[in-house]
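Per chain, numbering begins at 1; letters A, B, ... match sequence-line order.
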Protein chains: 2
Amino acid sequence: MKKTTIHDIARELDVTFSTVARALNDHPAISAATKAAVLETAKRLNYQQNKLASSLRSGRTNVIGIIVPSLDTSFFSSVVHGLEKVMNENGYSMLLYQTGESLSQEQKGIETFLQSRVDGIISSVSGEVEIKEFYEQISKRQVPLLFFDRAINELPVPSVTINDYRAGFLATEHLIGQGYKNIAHLTSDQNLTIFKERFRGYRDALQRYNLPVDEKMIFKGKLSLEFGKESVQQMLDKQMNFDAVFAAEDYTAMGALQLLLEKGYKVPEEIGIMGFANEAFGAFVTPSLSTVDQQTIRMGEETAHLFLKLIGSKDYYGTTPERIVLDPILLPRRSSQPD
Amino acid sequence: MKKTTIHDIARELDVTFSTVARALNDHPAISAATKAAVLETAKRLNYQQNKLASSLRSGRTNVIGIIVPSLDTSFFSSVVHGLEKVMNENGYSMLLYQTGESLSQEQKGIETFLQSRVDGIISSVSGEVEIKEFYEQISKRQVPLLFFDRAINELPVPSVTINDYRAGFLATEHLIGQGYKNIAHLTSDQNLTIFKERFRGYRDALQRYNLPVDEKMIFKGKLSLEFGKESVQQMLDKQMNFDAVFAAEDYTAMGALQLLLEKGYKVPEEIGIMGFANEAFGAFVTPSLSTVDQQTIRMGEETAHLFLKLIGSKDYYGTTPERIVLDPILLPRRSSQPD
DNA sequence: ATGAAAGCGCTAACAA
DNA sequence: TTGTTAGCGCTTTCAT
């Protein structure tokens with residue numbers, strides 16, 4: 001069964017295919033009668049517009065490319081959820097690419113999207129300096145680009161992020177307010193601004209309240225349950241003096257929590273714990289895990305809205321890039337409140 | 001800056017554009033010298049193949065469409081994660097569509113994909129009888145189609161699912177084996193085979209062990225933490241005699257668990273709880289939540305592999321559809337083991 | 001209100 | 001090994 005085209009409809013109705021095309025796109029200059037006839041015939045013949053042809057000719061695909069490290073984390077899948085919903089409501093389809101934090105995958109994704117002639121690219125980067133050139137390729141081609149959560153600040157690209165510095169500060173300040181004085185920090189070894197900012201917030205909060213910043217209390221590694229456990233184990237082994245742990249990610253915090261409970265420590269009475277990201281499990285565990293909410297779905301929606309707004313303004317690369325910074329929401333729960 | 005095409009490269013090198021095309025697709029009949037020259041020039045001019053044109057002409061897009069209810073659940077985002085990874089490794093891109101369990105959205109997604117001339121559609125349906133016609137449209141158009149997790153069994157379409165009947169049976173049998181005798185079941189009000197099968201497994205297990213099946217112990221609703229709480233609250237209000245709850249989904253089980261603990265019941269000593277889906281939080285809560293693992297990532301990978309295999313065989317709609325059924329993995333944890 | 005014609009950038013069959 | 005040619009199915013400009 002060959003596919004129906006506008007030519008088939010035209011033949012059936014004895015008009016030219018351009019008339020059919022007009023009717024289908026409801027062009028103003030078309031009689032109501034022919035339009036109705038065309039629509040009826042199209043339906044009868046099971047016509048499906050060929051978007052490839054249409055896009056090739058018009059130069060617009062109504063497709064945007066999304067690049068994320070991985071969908072297997074509630075953070076990114078939530079953001080993508082919000083993003084897709086809004087873009088979809090506005091007539092866009094989404095091509096999805098996971099990098100697995102690999103730079104070469106990220107390059108391949110960009111390449112594919114460019115070849116597919118997407119109307120824009122929305123990305124959460126896996127590397128910053130390393131991948132900068134590739135993103136410059138995108139702007140050179142004048143393809144609208146937007147960063148979310150993880151941005152490359154040196155590039156003049158609009159973005160939607162949260163204030164990670166403030167988040168780190170608030171989290172640490174909260175621990176200090178609860179009476180903890182020797183706060184360890186578990187962060188990522190990835191060279192990403194978000195983690196550096198959370199760390200900077202942590203450090204500044206300590207200094208603000210006249211607490212010493214001890215390099216030995218700062219652990220860098222691959223964020224995970226295991227890393228959380230190992231880091232705490234190390235502190236215990238070295239008999240370090242700590243009474244709280246602020247992890248830059250919830251699973252890591254959970255690892256710390258589990259190990260401490262296992263070893264018989266009381267959380268939050270003896271040791272306080274703060275996570276980051278508001279994973280679903282945090283509310284359910286005992287003691288419930290204090291954390292920072294990143295407004296994931298809202299971030300997705302804001303990203304979509306900013307994109308739509310910018311793409312509507314026609315001069316994407318003409319104006320100074322708008323950078324939306326969302327406020328983190330501190331969620332103090334039981335694990336950091338001894339009283 | 002206009003985009004570079006094969007014509008630009010051809011002009012630069014004084015060959016015809018078809019020579020360039022051949023070099024770029026490394027056609028066998030092309031001299032090493034011209035090929036090298038073309039590649040060099042392509043790079044220098046920043047050439048990017050236009051996949052729209054290529055696909056329009058060749059009839060292949062190397063894009064597949066994925067339809068899921070929502071990415072904002074760890075189940076679907078995990079499956080999509082596995083799926084995308086494998087498809088990507090095999091040169092496919094993924095268009096993503098979320099239906100939000102809405103049938104009209106599901107129709108729109110199918111429509112869009114068909115218009116985009118995807119090379120195949122992989123779907124987890126939101127409705128069965130209601131949406132059947134639309135899926136028949138797909139097979140009429142000879143577009144490869146595959147179901148995962150939620151399939152429409154009446155349609156001759158290949159699928160990758162788990163054995164929900166067995167899962168329901170195993171879960172219930174486990175509770176019975178632990179000594180529970182009055183087991184309530186909380187399930188979805190959606191008209192989907194997966195839930196009916198879990199229920200059938202539950203019922204058959206009760207019968208197998210000579211326990212009565214009581215209609216009043218079966219609750220249907222929108223699976224969620226709240227639904228879990230409400231259902232249990234109802235049983236308490238009516239002073240019903242129950243000593244275990246098997247929920248068809250983990251959040252619902254969690255709701256049941258929370259309410260019972262709140263009311264001072266001992267889990268698992270007085271009342272046992274089983275969930276379904278192996279959400280991340282289950283391992284971390286106290287008592288840890290017994291559940292059934294659905295092998296999400298593996299399901300995504302199997303789906304991708306089956307799709308690739310079938311698409312390779314050229315005669316997608318010629319053979320009887322292969323239906324892969326994965327085994328569920330029972331994860332008995334603390335919430336169902338009183339001893 | 002409709003028709004005619006050009007062309008988006010590529011693939012692929014046929015010639016040379 | 002390279003060139004020629006004919007579209008894929010549509011949008012869009014210019015005529016009528």
Nearest to the side chain of [X] - [options]?
X        : options                  : value
Asn25(B) : dT11(C), dG9(C), dA5(C)  : dT11(C)
Asn50(B) : dG9(D), dA4(C), dC10(C)  : dC10(C)
Ser54(B) : dT11(C), dA5(C), dG9(D)  : dT11(C)
Ser31(A) : dA1(C), dG9(D), dG9(C)   : dA1(C)
Ile6(B)  : dT1(D), dC10(D), dT11(C) : dT11(C)
Thr19(B) : dA4(C), dC10(C), dG3(D)  : dG3(D)
Phe17(B) : dT2(C), dT11(C), dT1(D)  : dT11(C)

*With Val20(B), which of Thr34(B), Ile30(B), Leu39(B), Ile9(B) fulfils side chain to side chain contact (heavy atoms under 4.5 Å, CB included)?*
Ile9(B)

*With Val160(B) as reference, evaluate Arg323(B), His305(B), Glu302(B) under the side chain to side chain contact (heavy atoms under 4.5 Å, CB included) test and give the passing residue.*
Glu302(B)

*Examine the base of dT4(D) for any acceptor or donor lying under 3.5 Å from a partner atom in the side chain of Ser18(B), and report the outcome as yes or no.*
yes

*Is any side-chain N or O of Arg22(A) under 3.5 Å from a base N or O of dG3(C), one able to act as donor and the other as acceptor?*
yes

*Looking at Thr5(A), does any N or O in its side chain come under 4.0 Å of the phosphate oxygens OP1/OP2 on dG9(D)?*
no

*5' priority, DNA chain D, between Gln49(A) and Asp14(B) [closest heavy atom]*: Asp14(B)

*Nearest-nucleotide wise, let me know which of His27(B) and Ala53(B) is further upstream toward the 5' end of DNA chain D.*
His27(B)

*Determine the contact category for Ile30(B): base if any of its heavy atoms lies under 4.0 Å from a base atom, sugar-phosphate if only primed atoms, P, OP1 or OP2 are that close, otherwise nothing.*
sugar-phosphate

*Classify the nucleic acid contact of Thr34(A) as base, sugar-phosphate or nothing, counting any heavy atom under 4.0 Å across all strands shown.*
sugar-phosphate

_Interatomic distance, Asn25(B) atom CG to Ser54(B) atom OG [nearest 0.5 angstrom]_ = 7.5 Å

How many whole angstroms separate atom [atom1] of [X] from atom [atom2] of [N]?
X        : N       : atom1 : atom2 : answer
Asp8(A)  : dG9(D)  : CG    : P     : 9 Å
Leu56(A) : dG7(C)  : CG    : P     : 14 Å
Leu24(A) : dG9(D)  : CG    : P     : 15 Å
Arg57(A) : dG9(C)  : CZ    : P     : 10 Å
Lys3(A)  : dG9(D)  : NZ    : C1'   : 12 Å
Lys35(A) : dT2(C)  : NZ    : P     : 12 Å
Leu52(B) : dG7(D)  : CG    : P     : 22 Å
Arg60(B) : dT11(C) : CZ    : P     : 13 Å

*Could Glu89(B) and Lys85(B) be called an ion pair, given the rule that one side-chain N must be under 4.0 Å from one carboxylate O?*
yes

*Is any side-chain heavy atom of Ile152(A) less than 4.5 Å from a side-chain heavy atom of Val157(A)?*
no

*Check: Ser123(B) side chain, Phe147(B) main-chain N or O, donor-acceptor pair, under 3.5 Å*: no

